[in-house]
Amino acid sequence: MLFTDVIRNKRDREELSAEEIEFFVAGLTDGSIPPEQVAALAMAIVLNSMSFEETGRLTRAMAGSGTMLDWRNDELGGPVVDKHSTGGLGDKVSLVLAPLAAACGCFVPMISGRGLGHGGGTLDKIEAIPGYRSCPDLATFKDAVKAVGCAIIGQTGDLAPADRRLYAIRDITATVESIPLITASILSKKMAAGLDALVMDIKVGSGAFMRTLEQARALAESIIETAKVSGLKTHALITDMNENLGSTAGNALEVQEAVEFLTNQTREPRLEQVVLALVAEMLLMGDLESDRNAARTKAERALDSGRAAEVFARMVAQLGGPKDFVEGYRRYLPRAPVCRPVHADTRGYLTAVDGRGLGHAVIELGGGRRRTDDELDLSVGFSEVAPIGSEIDAERPLALVHAASADVAERAAGMLRRACAIGPAAPAERPVVYTTLNAEG
């Protein structure tokens, strides 16, 4: 079989057979298909899409390209449940959610990715913690989940290696925004992790890959239906990403915000709503609670009591990070040498934010990638990011910029100003969680 024929078939809007998809995944896994051909097929899929059947074939093939974890003989004492987000600006939910869900009785083997497009990746954030082994061997990963209740790691060479290569190529070839490719990428990793259930966080808005509710619903339905065929129980929440989630954007800065959230120092309201809604859904799907209100109350108690922070501290130590990281995070996290406020050119109310513009400003600072081999500056980004509806004046800046130099800080500040709209009145409030979907509707 010639791979050019596979590309041509999808270019001409034909459905790829199981044999063609298996050939593609085998070539991804062993590297026999060159990057330019992988990118060509990815672009053909972006333009011509895939059926649910094709997406299911691709998902199962990529999940089976490496080791498939099985927790049934480990006697964990609780459900194996995970959450996955489609990503967006300032999305540090996983850093808070994994230890919180574990504190409530779930076991969370979270396999996360690096930054994709304009959004930051959980794996990049967690690597801001010195010593943390983000890509351990599978035995270490499983031991951490069993001992602590959760572990956040990146894709190793063992788990869905075909997706790992495709993910990296998509990031730099404008082929991220494809519902079938997003579906297959997410579910292949989660199936390989051996989950009992999965909760999806589908982001929608200017800072998300899905810009409209219609697109977000289409992705949610694709993931739910593909997961159903594969035997993985999946629910999806559609949540707002029309602005930064939380008060920070940038790797180390987001880790700091996560620690301060877990230790009850400060909780940005939108971030708190998303975290609690997702954890409550995980408890329902894991049969740890039968009512959403009770599940949310259980999560709130685990957070307020400090149990979630304790789990986070144990996870960091278990995977090689400092044993006193939660107490001494300010000493351990890298800090940028330049920090200054970014003021708007006019006064008024922040009425809208171009999330992609803000994401590109983080990339300009060095906190995101233009190429797969770019080395990130984990210290840079924005903090004290003003939420939509804030009154912006001489006292209240749009954010604080953290940069490696004054020149880079000024360029990123200009990008932030251009991403923000200022008006004479505060806009109407938007929902944070729009809806919850499952296989029944």
Side-chain angles (χ1 to χ4, degrees), residues 1-69 84 86 111 113-114 116-117 155-195 198 200 209-210 215 218-232 234 372 439:
M1 185 183 299
L2 293 175
F3 195 66
T4 50
D5 291 335
V6 179
I7 298 170
R8 185 177 294 108
N9 288 342
K10 181 46 65 178
R11 181 200 69 187
D12 295 341
R13 301 185 179 182
E14 294 183 18
E15 182 165 316
L16 299 183
S17 67
E19 292 75 19
E20 288 174 317
I21 287 176
E22 287 169 4
F23 179 55
F24 173 46
V25 170
L28 278 171
T29 305
D30 65 18
S32 60
I33 299 175
E36 59 269 23
Q37 288 191 318
V38 173
L41 181 60
M43 184 61 75
I45 293 170
V46 169
L47 296 175
N48 297 321
S49 195
M50 301 177 91
S51 67
F52 283 147
E53 290 75 15
E54 283 178 287
T55 305
R57 292 171 196 149
L58 180 60
T59 299
R60 291 189 292 274
M62 291 203 302
S65 66
T67 301
M68 301 278 284
L69 297 182
H84 187 86
T86 54
I111 301 169
R114 298 195 182 279
L116 191 61
Q155 279 179 271
T156 68
D158 302 288
L159 294 171
D163 170 69
R164 186 180 186 182
R165 185 164 180 242
L166 179 57
Y167 189 98
I169 292 171
R170 286 168 57 214
D171 187 24
I172 58 168
T173 57
T175 53
V176 169
E177 297 93 336
S178 162
I179 285 176
L181 291 179
I182 293 172
T183 298
S185 178
I186 292 168
L187 291 180
S188 62
K189 292 190 286 284
K190 300 309 178 183
M191 288 173 61
L195 302 183
L198 171 67
M200 283 299 308
F209 295 119
M210 302 295 110
Q215 292 173 332
L219 176 58
E221 290 172 350
S222 173
I223 290 172
I224 289 168
E225 291 302 317
T226 303
K228 183 179 179 181
V229 170
S230 304
L232 177 59
T234 301
T372 55

Regarding Ser222 and Thr183, is there a side-chain donor-to-acceptor distance under 3.5 Å anywhere? yes

Rounded to the nearest 0.5 Å, what separation is found between the CE atom of Met50 and the CD1 atom of Ile45? 4.5 Å

Would a distance-only check, ignoring hydrogens and angles, find a side-chain to backbone donor-acceptor pair under 3.5 Å from Thr175 to Met43? no

Polar side-chain atom of Ser230 near backbone of Thr226 as donor-acceptor pair, under 3.5 Å: yes

Say whether, by atom type as modelled, one donor and one acceptor occur between the side chain of Ser188 and the main chain of Ala184 under 3.5 angstrom. yes

Which atom names give the shortest non-hydrogen contact between Ser65 and Pro161, and what distance separates them? OG-CD, 3.1 Å

Could you tell me the separation between the CZ atom of Arg164 and the OG1 atom of Thr29, rounded to the nearest 0.5 Å? 12.0 Å

Rounded distance (nearest 0.5 Å) linking atom CZ of Arg11 with atom CG of Asn48: 10.0 Å

Atom of His84, atom of Leu198 and distance for their closest heavy-atom approach: N-CD1, 4.0 Å

Taking atom CG of Leu16 and atom CD of Glu22, what is their separation to the nearest 0.5 Å? 12.0 Å

Carboxylate-amine/guanidinium proximity below 4.0 Å for Arg170 and Glu177: no

What one should report as the nearest heavy-atom pair of Phe3 and Phe24 is CZ-CD1, 3.4 Å

Roughly how far, to the nearest 0.5 Å, is the CE atom of Met191 from the OG1 atom of Thr59? 7.0 Å

Check: Met62 main-chain N/O paired with Asp163 side-chain donor or acceptor under 3.5 Å: no

Can you tell me which residue pairs pass the salt bridge (charged side-chain N to carboxylate O under 4.0 Å, His left out) test with a partner in residues 28-54, sequence neighbours excluded? Lys10-Glu54

Positive for side-chain contact (heavy atoms from CB on, under 4.5 Å) with Met200, one of Leu187, Leu219, Ile223: Ile223

Look up atom CG in Leu166 and atom CG in Leu181, then write down how far apart they are to the nearest 0.5 Å. 6.0 Å

